[in-house]
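Take a look at the structure below.
Keep in mind that this is a model prediction, so the values were computed, not measured.
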Protein chains: 2
Amino acid sequence: MFSKACEYALKIMIYLCTVQEEGKLAGLKDISNANGSPEAYTAKILQQLVKNGLLQSHRGPTGGFKVSDRPITLLEVVVAIDGESIVKDCVLGLRECSSARPCPVHDKFVAIRDHLKGVLNTTYLTDIKSGVIEGNRFLKL
Amino acid sequence: MFSKACEYALKIMIYLCTVQEEGKLAGLKDISNANGSPEAYTAKILQQLVKNGLLQSHRGPTGGFKVSDRPITLLEVVVAIDGESIVKDCVLGLRECSSARPCPVHDKFVAIRDHLKGVLNTTYLTDIKSGVIEGNRFLKL
DNA sequence: CTAATTAAGGATATAAAGGTCCGAAAATCT
DNA sequence: AGATTTTCGGACCTTTATATCCTTAATTAG
Ligand code: FES
Ligand code: FES
């Protein structure tokens, strides 16, 4: 469904939300530990999230990462890493997904995709962080 | 969503259904032409579909491929090529997707996956071939 | 100012997916 | 039987995704 990088990105964002209190920063080591992702690769993804404006970073001692100070949806995270293909492209790989020139499964999958898009677009990081804080939702294993 | 190989497989199966009349066989060239997939790669996928019992093949002149003589769902095709990961694995990459140890987005995505699984499992190739035959659904471009 | 710490970023390595090539095996036709 | 056609199957190549390494730049603390 999502690329590995995107899975990591979602976990990173969720994790950072759960530790976010009055501007506290979390470092790379913390983050990769918390969601069980390889440290060096996690660093790359963090960079991409910063570039896309979803995170803010600060260097030097006491440095680290924090979530940008505005509501962020799952869709924004997914698009930042994987692009819009998951919610735009034809599932059978036609050059364009359109009702004007649909593939044989277009109608069925448009419904599924709208469902997916709806969830991604209306679920905010703040909506799902509570389960992790309470300890009944998990980021690794 | 699906691998390229799986996209091809679905188009192959749909195409073969549309040309299936009293045991006629379609050859590799026909098939790769019809859905715009590279010939050599298409051959590999055809082999896999034969191994999985979704197609029957015959060698030599007048040889080719035909769809096995029973109702086949989209799910069977997808599983034959991509395995069950799309309908089983945790979207955040946890080792196991379970309500006993759920990730933060488990509930939301179980709903989406059930929707997807439902469509795949109840849509038969024969249900969607008509649009292609009538020429208002397309397999390539 | 210097040393220490942390993110940034480029280069490189490894694995997997996507794709090609070619000879062997089976079936058909003459 | 021999030539031809078509699938089968293994080896190989290419591209992309995943992952690591190492140097540089920024920031802080002493
Ligand atoms: S054209 Fe294939 S999903 Fe829309
Ligand atoms: S545990 Fe992540 S989707 Fe079920």
Sequence neighbours left out, what passes side chain to side chain contact (heavy atoms under 4.5 Å, CB included) with B/P61? Give chain and number order. none
Return the set of residues passing side chain to side chain contact (heavy atoms under 4.5 Å, CB included) with B/A5 (not counting sequence neighbours), or none when no residue passes. B/S3, B/Y41, B/I45, B/I81
Show me the pairs that pass side-chain hydrogen bond (donor to acceptor under 3.5 Å, both in side chains) and involve residues 29-38 of chain A, at least two apart or across chains. A/N35-A/S37, A/S37-A/T42
What is the 5' to 3' range of DNA chain D, first to last nucleotide, that sits under 4.0 Å from any heavy atom of chain A? D/dT18 to D/dT28
Strictly by salt bridge (Lys or Arg N to Asp or Glu O under 4.0 Å), give each pair with a member in residues 1-13 of chain A just once, sequence neighbours left out. A/K4-A/E7
Could you tell me which residues satisfy side chain to side chain contact (heavy atoms under 4.5 Å, CB included) with B/S98, sequence neighbours excluded, listed by chain and number? B/A100, B/R101
Any residue meeting salt bridge (charged side-chain N to carboxylate O under 4.0 Å, His left out) with A/D107, in chain and number order, not counting sequence neighbours: B/R137
Quick check against the 3.5 Å criterion: does B/N52 have a side-chain atom that pairs as donor or acceptor with the backbone of B/Q48? yes
Once base and sugar-phosphate atoms are separated, protein heavy atoms under 4.0 Å mark nucleotides 24-30 of chain C, 5' to 3', with B, S and - as -BBBB--
With sequence neighbours excluded, give me every salt bridge (Lys or Arg N to Asp or Glu O under 4.0 Å) pair touching residues 38-67 of chain B. none
Below 3.5 Å, can you tabulate the donor-acceptor pairs from side chains in residues 119-128 of chain A to any protein atom, sequence neighbours excluded?
from: A/T122; atom 1: OG1; to: A/G118; atom 2: O; distance (Å): 2.7
from: A/T123; atom 1: OG1; to: A/V119; atom 2: O; distance (Å): 2.7
from: A/D127; atom 1: OD2; to: A/Y124; atom 2: N; distance (Å): 2.8

So, using side chain to side chain contact (heavy atoms under 4.5 Å, CB included) as the criterion, who are the partners of B/V79 when residues are at least two apart? B/L75, B/E84
Which residues in residues 32-51 of chain A have at least one heavy atom lying under 4.0 Å from any atom of DNA chain D? A/P38, A/A40, A/Y41, A/K44
